[in-house]
Structures are given as structure tokens and as C-alpha cells.
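Working notes, structure below.
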Amino acid sequence: MGFSTDAIHAGQIPDPTTGAVIMPLYLTSTYEQEELGKNKGFEYGRTHNLTRAALEKNIAALEKGKYGIAFSSGLAAIQALMSLVKSGDHLVVSNNVYGGTYRLFETIMTNYGIEFSWVDTSNLTNIENAVKKNTKIVYIETPTNPMLNLTDIKGTVDICKKNNLLSIVDNTFMSPYFQNPLSLGADIVVHSSTKYLNGHSDLIGGIVVTSNENVYERLKYIQNAAGAIPSPFDCWLTLRSTKTLAVRMKQHNENAIRIADFLVNNSPAVKVYYPGLKTHPQHELAKRQMSGFGGMISVDFGDIELAKKVLKQTKIFSLAESLGGVESLISHPASMTHAAVPKEERGKMRLTDSLVRLSVGIEDVEDLIADIENAWK
Ligand SMILES: *Cc1c(COP(=O)(O)O)cnc(C)c1O
């Protein structure tokens, strides 16, 4: 089936009792059992919930995977993935991952004897050189936030296969509409469904997709045993949202391409970071492993006062963290999402104080362009 057909139908059969075309919201913590040892396959809400199961099947289909396992947040999903390793194991991780992922790995998981090597995975040789005897997983995020650097997924998978390692890709920025890491050979995909999957900025959620039976069995066990499940209502909202994922992503992409071009040609910006620009150093890789360029743009205004002015004056772009919603957001990575990264490290990756990040929404692009233009004027 095509992407949109799956998005609207996968995992969702009309309700057998009433024929309701929309997946019912099962708000129940427990299920009546017919007699001792006999039930309908449902015992307790943490373990079984049909609304959640529908969401898991739906997103698994969109990521071209066999199994989905939903969690209460992106970070809960990532923490569950850490249960795949044990004390003494080592991971190779993209040095520019989501800040919360860095915090989880470096300040919590290290207490359990798990080791991490942080490398620039946009150069595959760095991954190869970081692999040790006790390495179990290579964990990448592509494109990265906020510099929009790419990692070659297929190249990473090849290194993992050769060394018998699991490959994990955080696919939050592209969504399954523009990038399918499992189709490129990756073992596991993880999403913060808070972002594009839900796309309406009204919930926090996470999901893992895999076709690896052993990984699935383990994560399903962890989902129940550790218990970081999403609420049925959040699952229901996300299911409603994925129905429009294709149309939303097309519009995010179209608007972002227009805005990136505008910023390059008609603005005082000194540098625009967007994988869709021919000037992006990895534009060819972007075209190869993604089917679109997404809605995230970073723009360096070269001057902190000008950046501040833009951040303060935009009316449609709201100054806020997060991304991937239908509404446009603007943020200042150096003081917001990446404040915890030392200034020297930020400098190395060209994350300057005059860098502004845009999450381009699906409003009328003319209005968005006028909003940015008015802001610096
Ligand atoms: C937001 C985000 C996360 C964390 O997800 P939460 O839902 O906020 O817990 C992980 N990875 C990426 C790329 C993100 O943008």
C-alpha cells in the first residue's frame, strides 16, 4: 500500500461491535475475566490496550517495520532501548544528538556501567574507529539538531553488520514520510512522536519500530515491566494525526524550501543550513537517503542583535522549544535547546549565538516569509 493509504488505514479496522470507522478510545485500566484463567486476551491496561496497539501497528507500517512499541515520551522510548545493553557494554553515538539523549546517556546510563563514545558520525571512518570489543550498538540521529548534518544510514548499517552491532536511528526530524531507516538496513528506528508524527503540539510521546523479532520481544517485555506507556488518549490523538502526516510533511517541505531560498537570496543572513539547498555539503546524500528535506532550517544572522530582533519580533513564528507542529516556531539553540553544551563545543560545530532555528509550519508561506522579513526590518 502507498504511504497515505497506510497512514489512514494501517492498524485500524472498523470497530466490529458498532462499525465505527475511527478506532475507539479504550479508557480502561482492567478487563473482566470470564472465569479463572479464561479471558479475552486482555488483563491489565499497562500490558494491553487496543488503542495503543492500533497506533503501534499504524506507525510500524509507515516505517516499513513489523513491530511498533509505544512509550510515554521520546526519551522514555530511548531509555527503553538502553535496556537492550548491560553493564560493561559500549555504544558509539552521534556527538550532536538531541540534548536530552545526551543527558540520559551521559548522566544516568553511565551510572550503570554503560560506556559511550561520542563521535562525528557524518564521517563514517569515525564510527569505524570508535568500535571496540565491547561495542553493542551504534546510535545515530540524522539530520542533527540544529546544524542539520547528515549521517549516511546505509554506510553506518554496513559497519554495524560487519561488526555484529545493532544500529539505531532517531528519525524524528524526517518522519517516516521522508526517510525509512529500516529500508536502508537499520535494525531499530526511534521517534519522539511529540514532533512530526503527532504534529499538533498537544502531547508528548515516543515510539520504537523494528522488524527484529528478538528486539521486539525484549522491548515489549520492557514496555510492560518498566511501564512507561503512553495514555490511550495520547495514542488516539497520535493516530488521528498520522492520517494527515503525508499532506503535512509535503507542506512543511514545500514551505521550508521556499523560506530557505528566500533567506539565502533576500535576507541579511550570513549562512543558511538546510539539506535541500544545493550549497549544503551533504545535499547529494540527502537526495539519496531522504525523499524530501523536511521543515527544519537553521539560519545564522551573523550578528547577535539582529538574531535577537528576529526572535523577538516575529508574530506568526512563536518563540518556543520543540518542533514539527503545524504552527511555525522559532528558537535560539545557544540559549535554549543547547544551553547545556559548553560554548567552546558549540563553537566547534558553528552553533553561534547568532544562530536561529526555524520549525517551519504549514501556514501560508507568503505570510511566513513576510513575518520573517518584517521582523528584521
Ligand atoms: C524531542 C526529541 C527527542 C525527545 O523526545 P520527547 O518526546 O521530548 O521525550 C528525541 N529525539 C529528538 C530528535 C527530538 O527532537
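For ligands, and for the atoms within them, numbers begin at 1 and follow the listed sequence. No hydrogens, no waters, no symmetry mates; every other heavy atom, side chains included, goes into these values.
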inquiry  = Give me the residue, atom name and distance of the protein heavy atom closest to atom 8 (O) of ligand 1.
reply    = Y98 OH, 3.9 Å

Verdict with supporting geometry, F293 and H283, ring pair (Phe, Tyr, Trp, His ring centres under 6.0 Å) = CA-CA 9 Å; F293 305 110; H283 182 60; 5.5 Å; yes

request  = Run through V119, L124, N123 and flag the one making a side chain to side chain contact (heavy atoms under 4.5 Å, CB included) with T121.
outcome  = V119

request  = Could you list the atoms of ligand 1 found under 4.0 angstrom from a heavy atom of G205?
outcome  = 7 (O)

ask   = Which ligand 1 atoms are under 4.0 Å away from a heavy-atom of S192?
value = 1 (C), 2 (C), 3 (C), 4 (C), 5 (O), 6 (P), 7 (O)

query = Is K64 close enough and on-axis enough to Y177, meaning under 6.0 Å and within 45°, for cation-pi?
reply = no

query = So, is the end of the K315 side chain (NZ or CZ) under 6.0 Å from the ring centre of F317 and within 45° of the ring's axis?
reply = no

request  = Give the C-alpha distance, both sets of side-chain angles, the deciding distance and a yes or no for side-chain contact (heavy atoms from CB on, under 4.5 Å) between Y274 and I257.
outcome  = CA-CA 8 Å; Y274 184 64; I257 289 172; 3.7 Å; yes

Any N or O of L75 closer than 3.5 Å to N or O of ligand 1 = yes

remark   = atom 7 (O) of ligand 1 sits nearest the protein heavy atom T194 OG1, 2.7 Å

query = If you measure only the distance, is there a donor-acceptor pair under 3.5 Å linking the side chains of S201 and E327?
reply = yes

request  = Tell me, please: is S193 in heavy-atom contact with ligand 1, that is, under 4.0 Å?
outcome  = no

ask   = Has ligand 1 got any nitrogen or oxygen that is less than 3.5 angstrom from a nitrogen or oxygen of D170?
value = yes

inquiry  = Taking atom NZ as the centre, does K308 end up with more than 12 heavy-atom neighbours from other residues, nucleotides or ligands that are less than 6.0 angstrom away?
reply    = no

ask   = Taking both backbone and side-chain atoms of F173, is any N or O found less than 3.5 Å from an N or O belonging to ligand 1?
value = no

query = So is K195 polar-close to ligand 1, meaning N/O to N/O under 3.5 Å?
reply = yes

ask   = Does ligand 1 have any atom sitting under 4.0 Å from a heavy atom of N145?
value = no

query = For ligand 1, which atoms, with element, lie under 4.0 Å from some heavy atom of E141?
reply = 13 (C)

request  = List every atom of ligand 1 that sits less than 4.0 Å from any heavy atom of G74, numbering the atoms from 1 in the order shown and giving each element.
outcome  = 5 (O), 6 (P), 7 (O), 9 (O)

key: side chain to side chain contact (heavy atoms under 4.5 Å, CB included) partner of E106, the single match among I108, L104, T110   = T110

